[in-house]
Amino acid sequence: MNIQKYLAFVKAVEFGSFTKAAKCLNYTQSGISRMINDLEQEWKVTLLERGKNGLKLTSDGTKLLPYVKSICDDYEKLQMQVDEINGLQSGLIRIGTFSSVATHWLPNIIREFQKDYPNIDYELLLGDYTEIEKWIGEGRVDCGFLRLPTNPDFETIFLEQDKLLAIIPENHPLKDCDTFPVKALCDEPFMLLEKGAKAEISEIFERCNLEPNVHFTTWDDYAIMSMVANGLGLSILPELILKMIPYKIVAKELDVPAYRNIGLALKNRKTASIAVKRFIDYLPYRNMED
């Protein structure tokens with residue numbers, strides 16, 4: 001039971017919130033708070049200051065945190081060794097992903113993985129690149145699919161170069177062109193597939209010294225397709241999400257070729273759980289990069 005209290009303390013500090021720590025460890029907020037209170041009573045110290053702006057380590061908490069972290073790390077290594085000895089009979093893999101990978105890659109990868117390891121459970125968190133990077137850094141997920149390059153502190157596996165295509169309605173005047181001019185995308189309302197930090201689509205226009213007339217911004221691929229199909233504007237989408245198009249739209253290559261490099265990222269492969277290490281072996285490509 002003590003190891004759970006230690007984990008509660010470490011995660012509460014990492015997230016600066018009982019609520020976020022509870023979500024990470026699958027406890028209630030009150031459960032996390034109670035475990036840390038138990039530690040404080042047992043050790044006769046105050047570990048955290050609770051305020052409107054979140055949690056803050058006390059001086060005593062700051063002194064004790066490295067030792068508690070070390071115990072948690074050693075416990076994780078112990079569990080990994082036990083798993084290695086007993087074989088991979090159970091486990092949980094937490095994966096951060098975006099919709100096109102979740103739709104077109106993960107079902108096949110997980111299906112093949114489950115043939116050999118049927119008792120592994122999965123938790124999928126859908127987000128944008130910035131959110132997934134944050135989840136990996138915080139330990140909220142074990143690994144995440146991202147556009148490369150990403151955080152230089154992560155270990156990454158390059159998987160595929162995904163072409164970016166212009167998306168237009170079926171009745172567009174340029175529907176029969178060989179390649180769609182990037183400049184023409186600025187002549188009509190533009191539907192931008194981005195959220196938060198600028199991503200690859202904005203970079204295309206910046207590279208061409210152009211500025212699109214953005215009318216709609218989202219991280220939902222299918223919302224973009226629907227908008228374009230209904231004649232509300234044009235867009236650029238990755239080829240991966242266009243493998244099964246449910247809308248009346250046309251995908252055209254750009255006159256300025258553009259791509260995104262998709263990969264899997266994790267904090268440290270050596271300290272990853274045995275379940276995650278085995279999962280990586282089932283990816284379509286496995287070129288580990290520093």
Side-chain angles (χ1 to χ4, degrees), residues 7 10-17 20-21 23-25 54-55 57 65-66 69-70 72-73 76-77 80 92-102 104-106 109 122-164 192-204 206-207 217-221 238 240-241 258-290:
L7 285 168
V10 169
K11 291 301 179 182
V13 173
E14 283 184 11
F15 291 111
S17 162
K20 291 180 180 178
K23 188 175 181 181
C24 177
L25 296 173
L55 304 174
L57 277 168
L65 179 63
K69 273 188 173 180
S70 178
C72 292
D73 290 343
E76 187 174 342
K77 291 174 185 175
M80 287 170 59
L92 172 68
I93 304 175
R94 303 167 302 162
I95 304 169
T97 183
F98 44 92
S99 59
S100 53
V101 167
H104 298 294
W105 283 3
L106 277 175
I109 296 170
Y122 308 87
E123 181 183 0
L124 302 183
L125 272 68
L126 264 69
D128 61 33
Y129 304 139
T130 304
E131 290 170 326
I132 296 168
E133 281 186 345
K134 182 181 178 184
W135 293 335
I136 296 170
E138 293 175 342
R140 178 67 184 85
V141 296
D142 301 304
C143 57
F145 291 90
L146 286 169
R147 180 184 69 147
L148 302 180
T150 181
N151 187 324
D153 293 332
F154 295 163
E155 291 188 55
T156 58
I157 306 166
F158 171 75
L159 298 174
E160 184 172 295
Q161 190 176 70
D162 190 20
K163 192 178 295 182
L164 300 174
L192 182 62
L193 182 75
E194 285 182 9
K195 185 174 76 172
K198 286 185 179 179
E200 60 269 350
I201 294 173
S202 287
E203 291 170 359
I204 296 171
E206 289 179 359
R207 196 164 72 240
T217 303
T218 183
W219 193 242
D220 188 327
D221 316 85
L240 181 60
I241 197 62
Y259 307 86
R260 65 172 177 175
N261 291 323
I262 302 175
L264 186 83
L266 63 166
K267 288 176 81 171
N268 189 323
R269 188 172 185 177
K270 290 182 179 178
T271 59
S273 70
I274 184 63
V276 172
K277 289 179 180 177
R278 298 281 173 84
F279 178 79
I280 288 171
D281 291 337
Y282 285 73
L283 296 176
Y285 304 100
R286 298 190 301 277
N287 299 318
M288 182 63 75
E289 301 172 352
D290 294 330

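Everything numeric here is computed off the predicted structure, so don't read it as measured data.
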Problem set entry | Test log, rule side chain to side chain contact (heavy atoms under 4.5 Å, CB included), inputs Tyr122 and Leu106 | CA-CA 11 Å; Tyr122 308 87; Leu106 277 175; over 6 Å; no
For this session: Given salt bridge (charged side-chain N to carboxylate O under 4.0 Å, His left out), test Lys134 with Glu131 step by step and report yes or no.
Result: CA-CA 5 Å; Lys134 182 181 178 184; Glu131 290 170 326; over 6 Å; no
Exercise. Could you go step by step and tell me if Phe279 and Asp142 meet the side chain to side chain contact (heavy atoms under 4.5 Å, CB included) rule?
Worked result: CA-CA 11 Å; Phe279 178 79; Asp142 301 304; over 6 Å; no
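Here the closest non-hydrogen pair linking Leu148 and Phe158 is CD1-CA, 3.9 Å. In this structure, Arg260 and Ser100 approach most closely via the heavy-atom pair NH2-OG, 3.0 Å.
Side-chain contact annotation: Glu200 with Tyr129, donor-acceptor N/O pair under 3.5 Å present. With no hydrogens or angles considered, a side-chain donor-acceptor pair links Thr150 and Glu133 at under 3.5 Å.
Two residues are said to be in side-chain contact when any heavy atoms from C-beta on lie closer than 4.5 Å; Leu92 and Ser273 fail this criterion. Within the 4.5 Å cutoff, the side chain of Ile262 has heavy atoms near those of the Phe98 side chain. Looking at heavy atoms from C-beta onward, Thr156 lies out of side-chain contact with Leu264 at the 4.5 angstrom threshold. Using a 4.5 Å heavy-atom cutoff, the side chains of His104 and Val101 are not in contact.
Glu155 has no carboxylate O lying under 4.0 Å from a charged side-chain N of Lys277, or vice versa, which leaves the two without a salt bridge.
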